[in-house]
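Quantities reported herein were computed from a predicted structural model and do not represent experimental measurements.
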Amino acid sequence: MITSPYQKYQQTQLQTASPAQLLLMLYDGAIRFIRMGTSGIDEKNYEKANTNLCKAQAVINELIAALNHDYPVSKSLYQVYEYMIFQLIQSNLKKDKKPATEVLEYMMELREAWYEASKLVNSTAEQAQ
C-alpha cells in the first residue's frame, strides 16, 4: 500500500512515463545499484554489495524482458545483457569490483545511446506535427 507522498509521486511518474523514459529509468536504477554494490565491496560491507549487485541483476533481467525480438538488435542486446549478469555474479562471488565496474561502463554507454535515440525520436515526432 502506498502511504507516503513520495511513493505516490513515484507511482504517478511510472504510470505517466513514455516507454523511452521507462527504459532510461531502468538504466538509471541499474547504474545506481552497481555503484552501491561496488561501494559495498570497497567498504567490505558484503551484505550491501550482495544486495545491490543482485538488484542490478534484477534490473538487467527487466531489460531483457522488455526486448522486442522483432528487431535484429535485440539478439545482440540480449547477449550483452547476459554477459553483464554473468560479470555481476562474478563480481559478487569474488568480491572483486572490476567486473562490476566493466558492467557500469557498458550501462552508462548504453544509457547515453538510448537517451540520444529518444531525443532523436522526440524531435522527429515534433517535426511531423
Side-chain angles (χ1 to χ4, degrees):
M1 174 177 249
I2 296 175
T3 55
S4 77
Y6 180 70
Q7 287 174 322
K8 289 179 185 178
Y9 170 77
Q10 283 184 315
Q11 182 181 27
T12 301
Q13 193 176 24
L14 284 173
Q15 291 171 340
T16 59
S18 70
Q21 290 170 321
L22 290 172
L23 185 66
L24 293 174
M25 286 179 192
L26 285 171
Y27 276 102
D28 289 340
I31 289 167
R32 184 176 67 252
F33 293 136
I34 294 167
R35 284 183 175 147
M36 290 175 22
T38 57
S39 171
I41 291 171
D42 284 340
E43 298 164 4
K44 299 201 182 319
N45 181 343
Y46 298 129
E47 182 178 348
K48 175 183 175 181
N50 179 61
T51 298
N52 287 290
L53 292 175
C54 287
K55 286 181 179 183
Q57 291 172 51
V59 172
I60 295 170
N61 279 316
E62 288 298 319
L63 290 167
I64 289 171
L67 288 173
N68 181 343
H69 294 283
D70 294 338
Y71 299 98
V73 72
S74 293
K75 182 178 180 182
S76 297
L77 281 171
Y78 178 82
Q79 292 170 336
V80 169
Y81 292 150
E82 284 291 314
Y83 176 75
M84 288 179 177
I85 290 171
F86 175 79
Q87 289 296 87
L88 290 174
I89 291 169
Q90 293 305 305
S91 189
N92 201 2
L93 286 174
K94 297 175 182 175
K95 301 308 179 211
D96 175 10
K97 71 178 195 173
K98 186 177 178 189
T101 302
E102 178 186 357
V103 173
L104 178 62
E105 291 170 9
Y106 293 144
M107 274 287 165
M108 292 188 313
E109 287 176 23
L110 283 168
R111 191 228 182 261
E112 183 62 26
W114 282 112
Y115 175 73
E116 292 299 324
S118 71
K119 281 186 358 185
L120 183 64
V121 168
N122 288 339
S123 69
T124 304
E126 288 173 6
Q127 290 175 357
Q129 291 179 353

If we only count heavy atoms from C-beta on, is the K55 to T51 side-chain gap below 4.5 Å? yes
What one should report as the nearest heavy-atom pair of V103 and Q87 is CG2-CB, 3.5 Å
To check you understand the geometry: which heavy-atom pair defines the closest contact between L53 and A100, and what is its length? CD2-CB, 4.1 Å
Show me the donor-acceptor pairs within less than 3.5 Å that the side chains of residues 30-43 make with the rest of the protein, sequence neighbours left out.
unit_1, atom_1, unit_2, atom_2, d
T38, OG1, I34, O, 3.2
T38, OG1, R35, O, 3.0
S39, OG, E43, OE2, 2.9
S39, OG, K48, NZ, 3.2
D42, OD1, K97, NZ, 3.3
D42, OD2, K97, NZ, 3.1
E43, OE1, K48, NZ, 3.2
E43, OE2, K48, NZ, 3.3

When you group the ILVMFWY residues by side-chain heavy-atom contacts below 4.5 Å and let the links chain together, are I85 and Y83 in the same group? yes
Over 12 foreign heavy atoms within 6.0 Å of OH, Y46: yes
Between CD of E47 and CG of N52, what distance do you get to the nearest 0.5 Å? 10.0 Å
Do the side-chain N and O atoms of Y106 and E102 include a donor-acceptor pair separated by under 3.5 angstrom? yes
Check this for me: K98, atom NZ, are more than 12 non-hydrogen atoms of other residues, nucleotides or ligands nearer than 6.0 Å? no
What's the separation between atom CG in L67 and atom NZ in K75, rounded to the nearest 0.5 Å? 13.0 Å
Starting from L88, can I reach L93 by hopping between I/L/V/M/F/W/Y residues whose side chains sit under 4.5 Å apart? yes
For a 4.5 angstrom cut-off between non-hydrogen side-chain atoms, does L63 reach L77? no
Partner set under salt bridge (Lys or Arg N to Asp or Glu O under 4.0 Å) for E116, not counting sequence neighbours: K119
Between S118 and L24, which heavy-atom pair has the shortest distance, and what is it? OG-CD1, 4.3 Å
Quick one: are I89 and N92 in side-chain contact, heavy atoms under 4.5 Å? no
Got I60 and Q57 here, is their nearest side-chain heavy-atom distance under 4.5 Å? no
Test item: S91 side-chain N/O and P99 main-chain N/O as donor-acceptor pair under 3.5 Å: no
Test side-chain contact (heavy atoms from CB on, under 4.5 Å) on M107 and V59; report intermediate values, then the result. CA-CA 11 Å; M107 274 287 165; V59 172; over 6 Å; no
Within the 4.5 Å heavy-atom criterion, are Y115 and Y27 side-chain neighbours or not? no
Distance col, row L22:CG vs E62:CD, nearest 0.5 angstrom, shows 11.0 Å
